[in-house]
Asker: 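Before anything else, here's the structure in question.
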Amino acid sequence: MRVGIGFDLHRFTKDRRLILCGVEIPYEKGLLGHSDADAALHALTDAILGAAGLPDIGILFPDDDPRFKGAASKIFLKEALRLIGEKGLYVYQVDLVLVLDQPKIAPYREAMQANLSRWLKIPRDRVGLKAKTTEGLGFWGGEAVAAWATAVLKDGSHA
């Protein structure tokens, strides 16, 4: 088994959609970034790449590359899955922690888990997803979304 850890952070901004784990969440602000700024998928993609000993998301998908302007972050995840597959690896389990005070994630949690389960081709009970607040302390919860992810990879075929 191999384990990787990923982290990402994007600040809130006006005139953008808020997308986490590929789910659009109705909110007055979205996340600032070159792509759709899905901090959850960015952290998860980095965790997967790190577990496989591959370059990080910033190297593979640079934010100055016009091909990725406004891109859906699931394309980064799908490319990471293709790359680990070439190495004979697959994702066995993932766990994500999102930090934001608003909006509340609970109403969208199942849809987010369903996306991850489908894209990673793993059962939903191997997709951990939690949201935490900062209780109003610091900028992470109120001005940005922070995401941590852990990915466990295995060698061989899916089991």
Side-chain angles (χ1 to χ4, degrees), residues 4-52 54-84 91 93-122 124-152:
I5 300 170
F7 171 80
D8 197 36
L9 179 129
H10 285 275
R11 78 177 61 230
F12 281 117
T13 188
K14 297 278 187 189
D15 302 319
R16 292 279 302 221
R17 297 179 307 149
L18 176 58
I19 299 172
L20 293 169
C21 296
V23 174
E24 186 168 349
I25 299 169
Y27 192 56
E28 63 196 34
K29 300 177 198 171
L31 296 175
L32 182 63
H34 186 67
S35 67
D36 65 5
D38 187 330
L41 288 187
H42 293 181
L44 179 58
T45 299
D46 262 346
I48 291 167
L49 292 168
L54 292 166
D56 70 30
I57 193 171
I59 292 171
L60 295 176
F61 313 104
D63 64 5
D64 59 358
D65 188 328
R67 293 179 300 160
F68 307 123
K69 177 105 174 112
S73 295
K74 71 180 177 182
I75 68 166
F76 308 144
L77 178 63
K78 288 182 177 187
E79 177 63 7
L81 295 173
R82 187 190 69 75
L83 291 170
I84 68 167
V91 175
Q93 182 176 356
V94 298
D95 193 27
L96 290 94
V97 178
L98 306 178
V99 179
L100 67 163
D101 289 343
Q102 291 292 328
K104 297 300 180 190
I105 297 303
Y108 310 99
R109 186 175 177 274
E110 285 191 32
M112 294 163 75
Q113 275 187 298
N115 278 350
L116 296 176
S117 174
R118 183 174 63 255
W119 295 334
L120 299 171
K121 297 179 173 70
I122 61 175
R124 283 176 72 168
D125 68 351
R126 291 195 213 155
V127 177
L129 179 62
K130 299 163 288 294
K132 303 295 179 183
T133 71
T134 64
E135 302 293 328
L137 301 174
F139 73 92
W140 285 9
E143 297 178 33
V145 173
W148 281 266
T150 303
V152 177

Asker: Please report the shortest heavy-atom distance between A51 and A151, naming the atom on each side.
Answerer: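 Closest heavy-atom pair between A51 and A151: CB-O, 4.2 Å.
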
Asker: Taking side chain as C-beta onward, heavy atoms only, is I105 less than 4.5 Å from M112?
Answerer: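 I105 reaches M112 side chain to side chain.
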
Asker: Is a donor from one side chain sitting under 3.5 angstrom from an acceptor on the other, for S73 and D36?
Answerer: yes

Asker: For residues T150 and V97, determine if any side-chain heavy atom of one lies less than 4.5 Å from a side-chain heavy atom of the other.
Answerer: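 A side-chain contact is absent here, since even the closest heavy-atom pair is not under 4.5 Å.
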
Asker: Please assess I57 against D8 for the test side-chain contact (heavy atoms from CB on, under 4.5 Å), listing each intermediate value before the final yes or no.
Answerer: CA-CA 10 Å; I57 193 171; D8 197 36; over 6 Å; no

Asker: Could you state the interatomic distance from CG (L77) to SG (C21), rounded to the nearest 0.5 Å?
Answerer: 9.5 Å

Asker: Would you sort out whether D95 and K130 count as a side-chain contact (heavy atoms from CB on, under 4.5 Å), showing the intermediate values?
Answerer: CA-CA 8 Å; D95 193 27; K130 299 163 288 294; 2.4 Å; yes

Asker: What do you reckon, is CZ of R11 surrounded by more than 12 foreign heavy atoms closer than 6.0 Å?
Answerer: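 12 or below, so no.
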
Asker: Where do R118 and N115 come nearest, in terms of heavy atoms and distance?
Answerer: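 Minimum heavy-atom contact is NH2-OD1, 2.6 Å.
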
Asker: Okay, side chain of D101, backbone of T133: is any donor-acceptor separation there less than 3.5 Å?
Answerer: no

Asker: Using a 6.0 Å cut-off, check whether atom CZ of R124 has over 12 heavy atoms from anything other than its own residue.
Answerer: yes

Asker: Which heavy-atom pair separates R16 from G33 by the least distance, and what is that distance?
Answerer: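 So the minimum-distance heavy-atom pair works out to NH1-O, 2.9 Å.
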
Asker: When rounded to the nearest 0.5 angstrom, what is the spacing between CG in L41 and CD1 in I75?
Answerer: 11.0 Å

Asker: Between T13 (side chain) and L31 (backbone), is there a donor-acceptor pair under 3.5 Å?
Answerer: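 Looks like no, no N/O pair under 3.5 Å.
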
Asker: So how far is it from D64 CG to H34 NE2, rounded to the nearest 0.5 Å?
Answerer: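 Result: 7.5 Å between the selected atoms.
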
Asker: From the options L60, D46, T45, select the one residue that forms a side chain to side chain contact (heavy atoms under 4.5 Å, CB included) with F76.
Answerer: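 The residue from L60, D46, T45 that satisfies side chain to side chain contact (heavy atoms under 4.5 Å, CB included) with F76 turns out to be T45.
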
Asker: Can you check whether I122 reaches Q93 side chain to side chain, under 4.5 Å on heavy atoms?
Answerer: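 When only atoms from C-beta onward are counted, Q93 and I122 do not touch, as no gap falls below 4.5 Å.
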
Asker: Can you name the closest pair of heavy atoms from G22 and W119 and give their distance?
Answerer: CA-CH2, 3.8 Å

Asker: Report the distance from atom NZ of K74 to atom CG of L44, rounding to the nearest 0.5 Å.
Answerer: 14.5 Å

Asker: Just verifying a value: how many Å separate I48 CD1 and L81 CG, rounded to the nearest 0.5 Å?
Answerer: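 One gets 5.0 Å once the value is rounded to the nearest 0.5 Å.
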
Asker: On a heavy-atom basis, which atom in L49 and which in A80 lie closest, and how many Å separate them?
Answerer: CD2-CB, 3.8 Å

Asker: Say you draw a straight line from CG of L18 to OH of Y108; how long is it, rounded to the nearest 0.5 Å?
Answerer: 9.0 Å

Asker: Does E24 reach the main-chain N or O of R17 with its side chain, forming a donor-acceptor pair under 3.5 Å?
Answerer: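 Checking the backbone N and O of R17 against the side chain of E24, no donor-acceptor pair under 3.5 Å is found.
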
Asker: Looking at every heavy atom in both A146 and L9, which two are closest together, and how far apart are they?
Answerer: CB-CD1, 3.9 Å

Asker: Do the side chains of V145 and H10 get nearer than 4.5 Å, heavy atoms only?
Answerer: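 H10 does not reach V145 side chain to side chain.
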
Asker: For atom CD of E110, is the number of surrounding heavy atoms from other residues, nucleotides or ligands below 6.0 Å larger than 12?
Answerer: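 Counting other residues, nucleotides and ligands, CD of E110 stays at 12 neighbours or fewer.
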
